[in-house]
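Order of listing sets the numbers, starting from 1, for every ligand and every atom in it. All figures in this text were calculated on a predicted structure; none of them were measured in a lab.
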Amino acid sequence: MSKESWSEFAAYYLPKVEACLQDYLSKLAAYPRLKEAMMYSVNAGGKRIRPLLVLAAIKTLNGQLNQASLQVAASLELIHTYSLIHDDLPEMDNDDLRRGKPTNHKVFGQALAVLAGDGLLTTAFELLGQVKLPAETVVQLLNYLAYAAGPQGMVNGQVGDIEGEKTALSLAELEQVHAGKTGALLVYACQAGSVICQAKQPIQMALENYGRNFGLAFQIYDDILDRVSTEEQLGKAVNKDQAEHKNTYPGILGLDGAYTKLAQTIAAANQALVPLKEAGYDVSLLAELLEYFKVKD
Ligand code: GRG
């Protein structure tokens with residue numbers, strides 16, 4: 001098969017991920033207002049990087065991109081969307097705008113926003129639990145996802161972020177916060193590919209390494225964009241980090257230093273793909289995804 005570019009890959013699989021999300025959510029036997037609140041944020045225009053990364057990892061490992069893979073990918077997007085709803089709440093980041101639209105609690109009120117987040121979080125595991133893959137594989141995926149999303153992963157990172165607001169963090173401490181907050185779900189996306197394709201240990205580790213660096217690059221990029229973009233471009237408030245004295249890469253390293261750190265992290269992610277290349281896998285899709293972080297001049 002000829003090499004497929006990232007944009008072709010995304011254009012082909014995005015509608016399938018969307019269909020999978022809509023299909024599952026629309027059939028939930030829940031109050032219409034709850035479903036509406038859940039679907040409002042899922043349909044608010046996310047880039048779907050995490051589900052696409054799951055599918056790209058599977059494709060890289062020569063696995064099948066079938067309904068089961070799509071459901072695994074979709075369940076991760078449900079977790080991500082829940083985390084955004086809760087992150088935007090007044091008690092957390094207190095944001096009015098997300099994905100270019102009013103945040104969930106601005107439309108549905110805080111109580112329903114909390115519950116819509118809870119609903120997406122639990123539905124993610126319900127959907128994943130129903131995937132038609134060998135039972136052992138499903139259990140492993142459930143376990144890895146719970147670890148990544150929970151108090152040893154994303155929830156922990158979010159707490160580190162909140163606690164860190166009171167003090168100036170070192171670069172290492174900031175990286176640790178982000179490894180949880182942003183990195184854990186992206187690492188899981190890669191792990192999901194390895195679990196489904198039953199990749200050998202060194203390949204699993206290489207992909208996880210790619211995911212860790214991808215996650216770090218993602219956060220540095222997000223911090224840089226907060227400094228250099230407009231609200232219109234990002235679809236959310238900008239320059240909040242500086243205004244709220246948040247710990248960020250540009251804050252610690254300066255903007256130029258953050259650009260350098262981003263370039264180093266992208267190089268490390270590319271380097272992480274070497275063992276896969278040496279084992280004969282076509283890593284072009286994962287390598288091309290790193291171009292997502294190209295900062296426009
Ligand atoms: C509430 C437990 C809990 C965790 C929240 C995801 C998160 C943790 C906070 C979001 C804050 C933030 C701006 C993190 C930086 C990186 C990030 C996750 C950006 C948003 O992800 P994208 O760019 O968003 O993939 P879309 O809208 O495209 O899905």
Side-chain angles (χ1 to χ4, degrees), residues 10 14 17-18 21 40-54 73-74 76-105 110 113-122 124 145-165 174-175 177-189 211 214-227 229 231 233-242 244 246-251 258 262 265 289 292-293:
L14 262 177
V17 171
E18 297 303 333
L21 287 165
Y40 172 79
S41 290
V42 170
N43 293 333
K47 296 180 290 297
R48 313 296 195 215
I49 293 284
R50 292 157 193 78
L52 286 172
L53 183 55
V54 172
L76 178 55
E77 185 66 11
L78 297 180
I79 299 265
H80 167 60
T81 305
Y82 122 74
S83 81
L84 296 181
I85 296 175
H86 282 194
D87 184 65
D88 289 335
L89 288 167
E91 293 77 3
M92 296 229 199
D93 227 22
N94 193 18
D95 274 303
D96 295 347
L97 207 58
R98 164 74 65 183
R99 293 172 166 174
K101 297 194 170 66
T103 44
N104 198 290
H105 64 274
Q110 287 183 40
V114 169
L115 293 164
D118 293 341
L120 290 170
L121 169 61
T122 41
L145 183 58
Y147 184 92
Q152 301 179 89
M154 182 173 68
V155 170
N156 197 44
Q158 183 75 349
V159 171
D161 194 47
I162 292 168
E163 298 277 304
E165 280 172 20
L174 188 63
E175 282 186 23
V177 166
H178 291 149
K181 184 178 139 183
T182 317
L185 292 192
L186 292 162
V187 169
Y188 166 79
F214 187 92
L216 181 56
F218 199 87
Q219 185 64 53
I220 301 170
Y221 185 68
D222 198 71
D223 285 358
I224 291 176
L225 289 186
D226 181 73
R227 279 279 185 100
S229 310
E231 179 168 307
Q233 284 168 324
L234 288 194
K236 61 178 184 178
V238 293
N239 250 310
K240 268 193 85 189
D241 294 345
Q242 218 170 354
E244 292 173 4
K246 282 205 157 193
N247 292 289
T248 65
Y249 294 96
L262 177 60
T265 309
L289 181 56
Y292 169 82
F293 303 116

**Q** To the closest 0.5 Å, what do you measure between CD1 (I79) and OG1 (T122)?
**A**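 So the CD1 of I79 and the OG1 of T122 are separated by 9.0 Å.
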**Q** One pair to check against side chain to side chain contact (heavy atoms under 4.5 Å, CB included): L262 and I224. What are the steps and the verdict?
**A** CA-CA 9 Å; L262 177 60; I224 291 176; 4.1 Å; yes
**Q** E91 versus V114: any side-chain heavy-atom pair under 4.5 Å?
**A**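 A side-chain contact is absent here, since even the closest heavy-atom pair is not under 4.5 Å.
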**Q** Are D87 and R98 within salt-bridge range, i.e. N to O under 4.0 Å?
**A**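 Looking at R98 together with D87, the answer is yes, because their closest N to O distance falls below 4.0 Å.
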**Q** When you check the gap from the basic side-chain N to the acidic O, do K246 and D93 get nearer than 4.0 Å?
**A**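 Yes, charged N to carboxylate O under 4.0 Å.
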**Q** For ligand 1, give me the residues whose heavy-atom distance to it is below 4.0 Å, by chain and number please.
**A**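 Only G46, K47, R50, H80, Y82, S83, L84, H86, D87, R99, M154, V155, Q158, K181, T182, F218, Q219, D222, K236 have heavy atoms that fall under 4.0 Å of ligand 1, ordered by chain and number.
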**Q** Would you say the rings of Y188 and Y147 are close, in the sense that their centroids are separated by under 6.0 Å?
**A**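 So the answer is no for these two rings.
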